[in-house]
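What follows is a set of notes on a single structure, which appears directly below.
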Amino acid sequence: KPLDEGKGDSGNFFVSGDGREKWGLTMMLSDQGELAHLRWGIIVDQTREELYGPIVDLRNTILLGAAFFGIAFILFGVLLARRLIAPLSSVKRTLNGFFDYLSGKAGPPVHLDIAGNDEFAQMARAIDESIKLAEKHITEQKRAEIERQASAKRYQTIIQTSFDGYWLVDLEGRLID
């Protein structure tokens, strides 16, 4: 009917002759479209599936892509976290072992072995070198203390068991003890 009146229809849903619900659009062509005194128009009709199918497909593609990238992002985050947490745990264990060593609760600490050239690996190597240096100094101090105690015990034994006087002098004959 709109075509008969020379107007178009902006589009509506309707039930077509085959009983399917469709969306239809009519549009009249301009006066230049008139041929043999006939007015020409365009009629478009589509089912809901035909009309919304591409939009639904696009929506599903976007949702699937978002889900894929979301899962990939989570997996990447987990792998990155594990890569960062493992060296941190190693540093924590080593430092706790070192502090236990310093307090006399444990033996020598386990040294760090973190491979790589990133800042974290460089920091771990610096910590490890400091621990080794401190361990060396502590070992030297313990050895010196053991030697001092042995020397003190030796002198004490000499003095307590000697019937003669005892003097300790240096090479020039000066009295030391």
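Owing to the predicted nature of the structure, the values given are computational and were not obtained by experimental measurement. Just so it is clear, the values below take in all heavy atoms, side chains as well, and ignore hydrogens, waters and symmetry mates.
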Notebook entry, point to check: Where do Thr157 and Arg154 land on the side-chain contact (heavy atoms from CB on, under 4.5 Å) test, with the steps shown first?
Noted result: CA-CA 5 Å; Thr157 303; Arg154 187 172 57 245; 5.8 Å; no
Next item on the list: Would you name the heavy atoms of Gly97 and Pro109 that are closest together and state the gap between them?
Entry: C-CB, 4.0 Å
Margin query: If you apply the rule side-chain contact (heavy atoms from CB on, under 4.5 Å), what do you find for Lys136 with Glu140, and how did you get there?
Written below: CA-CA 6 Å; Lys136 177 183 172 191; Glu140 289 172 359; 3.2 Å; yes
Check: Do Ile85 and Phe120 share a hydrophobic cluster, counting only Ile, Leu, Val, Met, Phe, Trp and Tyr and linking them when any side-chain heavy atoms are less than 4.5 Å apart?
Finding: no
Check: In Å, rounded to the nearest 0.5 Å, how long is the span from CD1 of Ile74 to CG of Leu79?
Finding: 12.0 Å
Check: Taking it one step at a time, do Asp118 and Gln122 satisfy side-chain contact (heavy atoms from CB on, under 4.5 Å)?
Finding: CA-CA 6 Å; Asp118 60 352; Gln122 292 172 1; over 6 Å; no
Notebook entry, point to check: Is there a chain of hydrophobic side chains (I, L, V, M, F, W, Y, each step under 4.5 Å between heavy atoms) that links Leu112 to Ile138?
Noted result: yes
Check: Distance from Thr94 atom OG1 to Phe99 atom CZ, nearest 0.5 Å?
Finding: 11.0 Å
Note to self: I need the Leu80 CG to Arg82 CZ distance, nearest 0.5 Å.
What the structure shows: 12.0 Å
Checklist line | Residue pair Ala121 / Gly116: nearest heavy atoms and the distance that separates them | finding: CB-O, 3.4 Å
Next item on the list: Tell me whether Val91 is reachable from Val110 by hopping between hydrophobic residues (I, L, V, M, F, W, Y) whose side-chain heavy atoms are closer than 4.5 Å.
Entry: no
Notebook entry, point to check: Hey, are Arg148 and Glu145 close enough for a salt bridge, meaning a charged N less than 4.0 Å from a carboxylate O?
Noted result: yes
Notebook entry, point to check: If you measure from CG on Asp57 to CD1 on Ile55, what distance do you get to the nearest 0.5 Å?
Noted result: 10.0 Å
Notebook entry, point to check: Are side-chain heavy atoms of His111 and Ile131 found at a separation under 4.5 Å?
Noted result: yes
Notebook entry, point to check: So does Asn60 have more than 12 non-hydrogen atoms from other groups sitting under 6.0 Å from CG?
Noted result: yes
Checklist line | Side chains of Ile127 and Phe98 in contact at under 4.5 Å (non-hydrogen atoms) | finding: no
Checklist line | Nearest non-hydrogen partners of Gly107 and Tyr101, listed with the distance | finding: O-CD1, 3.3 Å
